Amino acid sequence: MTACTSQYTWFEVPRNDPPKRVAIQRTHDFREIYSLYDEATVREQASRCIQCGMPFCRVGCPLENRIPEWIRLAAEGEFLQAAAVSGLTSNMPEICSRLCPQERLCEGMCTLNTRTDPVPIGAIERFINEYAFAHGAVEAFPVMPNGLKVGVVGSGPAGLTCADELAKLGYAVTVFESLPVPGGLLVHGIPSFKIEKTVVERRVALLERRGIVFQTNVTVGRDLSLGELLATFDALFLGMGAQRGKRLGAPGEDLEGVYQALPFLVQKNVGCVTNLPPI
Ligand SMILES: Cc1cc2nc3c(=O)[nH]c(=O)nc-3n(C[C@H](O)[C@H](O)[C@H](O)COP(=O)(O)OP(=O)(O)OC[C@H]3O[C@@H](n4cnc5c(N)ncnc54)[C@H](O)[C@@H]3O)c2cc1C
Ligand code: SF4
C-alpha cells in the first residue's frame with residue numbers, strides 16, 4: 001500500500017484527535033474516554049508527518065522510539081509492521097501511548113509545531129498497537145534459559161520492563177508484588193478512564209507467556225527477607241516505586257476524614273486492603 005495523501009498533507013489536513021466516547025455512555029461507566037481512530041483517519045493523520053531528516057520527535061522521546069518509521073508504515077496502511085517497529089524500543093507501547101505526556105515529549109518536539117499542530121503520535125501509536133493485539137500479532141515466547149535467576153521486587157512499569165528485558169536474555173525471572181494484582185500504579189493508581197485494567201492484564205499475561213513468574217500478596221521485607229532472596233537469586237532488582245504520598249503541610253491535614261490521595265486511589269481502583277479503614 002502507498003501513503004494515502006501528498007507530502008503537503010500537514011498543510012491540507014488539520015490534526016484530528018481520536019473521538020471521545022459519547023458523554024451519555026461515559027456517565028454510565030468508568031472506561032477509557034477516547035476511542036480509536038478508524039483506519040482511514042489514522043492513515044491520513046500519519047500522512048501529516050513530513051519524515052524529517054532530523055526527527056526531533058525521537059529526540060523528545062525518552063526511549064528514542066523509531067517514530068518516523070512506524071508513522072510512515074501507518075500512513076501506508078502497514079499497521080502490523082508499524083506495531084512491530086514500535087515494539088522494538090518500547091516494552092509496553094500500548095501502555096505508553098495511553099499515558100506518556102506526549103505534548104511535553106515527542107509531540108512537543110515535532111517540527112510541525114513551528115507551523116501548525118503536531119502529528120498525533122500517541123494516538124497513532126495506540127491505534128497500531130491495538131490493531132496488532134486485535135489481529136493476534138503480539139506474542140511472547142520463552143527463550144533458551146541462561147541458567148541464572150533474578151528476583152524483581154515490585155510489578156510497576158519499572159519491574160515489568162526489567163523482568164521483560166531479562167527474560168528476553170534467558171534469565172529465569174520471578175516478580176514479587178505486595179498487592180493482589182500486578183501492575184503497580186498502572187493498575188492501582190491510575191484511574192480506568194485513562195487506562196483500563198484489562199490493558200495492563202493483557203501485558204502481564206504476555207510476560208507470563210514469556211516465562212516470567214508473578215508472586216502476588218508477597219511483601220519483601222515482611223513475608224520474605226532480602227537475605228532470603230539474595231540466597232535464592234543471582235541478582236535482585238528493587239522496583240518498589242514511591243509508596244508514600246507527599247504531605248501537604250497544611251493545617252488540618254491530620255483531622256479525621258482527611259486522607260492522602262494514594263491510599264484512596266488504591267482502594268477505589270482495586271478494592272484491596274490498605275492500612276486504612278475503608279474510605
Ligand atoms: C493517579 C495517577 C496518575 C498517573 N498518571 C500518569 C500518566 O498519565 N503518565 C505517566 O507517565 N505516569 C503517570 N503516573 C505515574 C506512574 O504511575 C508512576 O510513575 C509509575 O507507576 C512508577 O512506576 P514504578 O514501577 O517505579 O512504581 P509503581 O508503579 O509504584 O510500582 C511499584 C510496585 O511495587 C510494589 N511494592 C512496593 N514495595 C514492595 C515490597 N516491599 N514487596 C513487594 N512489592 C512491593 C507496590 O505494591 C507496587 O505495585 C500516575 C500516577 C498516579 C498515582
Ligand atoms: S518531528 Fe513530527 S513531522 Fe518530523 S518526523 Fe517526527 S512526527 Fe514526523
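Counting starts at 1 for both ligands and their atoms, following the listed order. Quick caveat: nothing in here was measured; it's all calculated off a predicted structure.
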- Locate the shortest heavy-atom distance separating Asp29 from Arg21; write the atom from each residue and the value. OD2-NH2, 2.5 Å
Give a yes or no on whether a salt bridge exists between [X] and [Y], defined as a side-chain N under 4.0 angstrom from a carboxylate O.
X	Y	answer
Glu125	Arg98	no
Glu32	Arg126	yes
Arg72	Glu76	yes

- Query: Residues two or more places apart in sequence or in another chain: which of them pass ring pair (Phe, Tyr, Trp, His ring centres under 6.0 Å) with Phe133?
  - Reply: none
Distance-only donor-acceptor check, side chains [X] and [Y], under 3.5 Å:
X	Y	value
Asp38	Thr41	yes
Thr9	Ser47	no
Ser86	Asn65	no

- Message: Enumerate the side chain to side chain donor-acceptor pair (under 3.5 Å) contacts for residues 104-118, please, sequence neighbours excluded, ordered by first and then second residue.
- Response: Arg15-Glu107
- In total, how many protein N/O/S atoms does one find closer than 2.8 Å to atom 2 (Fe) of ligand 2? 1
- Per the under 4.0 Å non-hydrogen criterion, ligand 1 touches Leu99, Val153, Gly154, Ser155, Gly156, Pro157, Ala158, Phe176, Glu177, Ser178, Leu179, Gly184, Leu185, His188, Gly189, Ile190, Lys194, Val218, Thr219, Val220, Gly239, Met240, Gly241, Gln243, Leu265
